[in-house]
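Structure record follows, encoded as structure tokens.
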Amino acid sequence: MRNQIVAGNWKMNNNTPETELLLDNLMQHVIRDDVSVYVAPAFTQLSQSVEKLKGHAITVAAQNMNAAASGAHTGEISSSMLIGTEVHTVILGHSERRSLYGETNDSLKLKVSSAIDAGMKIIFCFGEELSERKENKHFDLVKKQLASALFELPSDAWNQIILAYEPVWAIGTGETASPKQAQEMHAFIRQQIENQYDKSLADHVSILYGGSVKPSNAKEIFSMTDVDGGLIGGASLKAEDFMDIVNAF
Ligand code: 13P
């Protein structure tokens, strides 16, 4: 059985008191033991979140990291800095990083390799733009995003990989991929992994869906065979909504 996962990507939201409040509210809920729950606060709130969640079932992830170990990279954060704050999971390749901050398949390959070498778990994001779906290029595009960044990894590195398919047209728009569209793409993704590696590896990789997941649609999306959970943006900022999504399996 694959791990069921719900991760909240807080993006550039929640300063210190807001983080305190949201975590307090989340911690009032019992986390079921068949779902792994992550929250990804901003860099500045990582230590605060790790401290607060000590002994609690929610895991803290970072939203990004640099591929380099150290050096002249003003404004950047390395894997050893994350690990030093007891953060062992990082989101890489989010569409906002790709579209607003120039991340490419090539630069992501370096980041992935660096995070794997550091022993970190990666939530790797990818997905097509609306224009690419309209031109029916979404399968090719997703295949390329996966192949460029991940398909040269050795099999055992996949223990550290969680995939998150996030169609860009569904992020923050209120427009969700239909459960059928999500299932179709997730099955395609799993097939690509099987083609590149083998069926057993493909069957063990958790593939999350992201893009306007809400309490009202999570159950139907999570019921799809190849959807193993969600990467949640807006709805992860409200404890009740986020926990409703966690409990939607
Ligand atoms: P929304 O849930 O706000 O659409 O954001 C999804 C996302 O980008 C999570 O990484």
Side-chain angles (χ1 to χ4, degrees), residues 4-14 18-19 22 26 35-43 45-46 49 58-65 87 89-103 108 111-112 115 120-130 132-133 138 141-142 145-146 149-150 161-179 181-182 185-186 189 206-222 224 227-249:
Q4 303 185 118
I5 297 167
V6 175
N9 175 10
W10 291 1
K11 308 192 179 183
M12 198 173 73
N13 295 293
N14 293 329
E18 290 161 347
T19 296
L22 179 51
L26 286 172
V35 182
S36 300
V37 179
Y38 293 82
V39 291
F43 285 138
Q45 313 315 134
L46 289 176
S49 303
I58 299 176
T59 303
V60 178
Q63 298 176 17
N64 183 28
M65 60 166 253
V87 172
T89 307
V90 63
I91 296 174
L92 291 178
H94 192 278
S95 70
E96 288 146 21
R97 302 281 335 154
R98 293 175 190 257
S99 67
L100 303 174
Y101 301 102
E103 295 198 357
L108 285 165
K111 288 191 178 197
V112 165
M120 297 193 71
K121 195 167 267 189
I122 298 169
I123 301 176
F124 185 78
C125 306
F126 54 95
E128 80 283 359
E129 308 261 353
L130 184 57
E132 290 154 341
R133 181 165 276 266
H138 46 301
L141 189 278
V142 160
Q145 288 175 321
L146 290 173
L150 303 178
I161 304 275
I162 298 164
L163 297 179
Y165 168 59
E166 298 202 304
V168 179
W169 47 272
I171 295 178
T173 59
E175 184 168 352
T176 328
S178 68
Q181 284 172 320
M185 182 57 90
H186 283 223
I189 293 161
S206 294
I207 310 177
L208 316 185
Y209 169 80
S212 297
V213 177
K214 303 182 274 280
S216 57
N217 59 24
K219 199 172 190 67
E220 211 186 345
I221 295 172
F222 292 176
M224 297 290 115
V227 177
D228 305 306
L231 181 56
I232 319 301
S236 72
L237 302 175
K238 288 195 192 128
E240 294 296 330
D241 286 356
F242 187 62
M243 292 313 305
D244 281 351
I245 293 170
V246 170
N247 291 323
F249 282 100

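Order of appearance sets the numbers: ligands from 1, and atoms from 1 within every ligand.
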Check your understanding: Measuring from the heavy atoms of G210, does anything fall under 4.0 Å of ligand 1?
Key -> no
Check your understanding: Any idea which heavy atoms bring D228 and S206 closest together, and the distance?
Key -> OD2-CA, 3.4 Å
Exercise for review: Give the contacting part of N9 toward ligand 1: side chain, backbone, both or neither, where contact means a heavy-atom distance below 4.0 Å.
Suggested key: side chain
Check your understanding: Does ligand 1 have any atom sitting under 4.0 Å from a heavy atom of A235?
Key -> no
Check your understanding: Is any side-chain heavy atom of K11 less than 4.5 Å from a side-chain heavy atom of E96?
Key -> yes
Point to revise | Heavy atoms of other groups near Q181 CD, more than 12 under 6.0 Å | key: yes
**Study point:** Ligand-side contact atoms (ligand 1) for residue partner H94, heavy atom cut-off under 4.0 Å
**Key:** 7 (C), 8 (O), 9 (C), 10 (O)
Exercise for review: Not counting sequence neighbours, which residues clear side chain to side chain contact (heavy atoms under 4.5 Å, CB included) with A182? List them please.
Suggested key: Y209, V227
Review point. Does an N or O from I171, backbone or side chain, lie closer than 3.5 Å to an N or O of ligand 1?
Key: no
Check your understanding: Can you tell if the side chain of Q63 reaches within under 4.5 Å of the side chain of H94, non-hydrogen atoms only?
Key -> no
Exercise for review: Show which atoms of ligand 1 fall inside a sub-4.0 Å distance from at least one heavy-atom site of L231.
Suggested key: 9 (C), 10 (O)
Point to revise | W169 and H138, any side-chain heavy atoms less than 4.5 Å apart | key: no
Review point. Between E166 and ligand 1, does any nitrogen or oxygen pair lie at a separation below 3.5 Å?
Key: yes
Exercise for review: Could you list the atoms of ligand 1 found under 4.0 angstrom from a heavy atom of G172?
Suggested key: 1 (P), 3 (O), 4 (O)
Point to revise | Partner set under side chain to side chain contact (heavy atoms under 4.5 Å, CB included) for D241, not counting sequence neighbours | key: P215, A235, K238
Practice item. Check if A170 has a non-hydrogen atom at a distance under 4.0 Å from any atom of ligand 1. Key: yes
Review point. Heavy-atom distance to atom 6 (C) of ligand 1: which of G233, G234, G127 wins?
Key: G233
Check your understanding: Which value, rounded to the nearest 0.5 Å, describes the distance between I162 atom CD1 and I91 atom CD1?
Key -> 9.5 Å
Check your understanding: Does ligand 1 have an atom under 4.0 Å from some heavy atom of K11?
Key -> yes
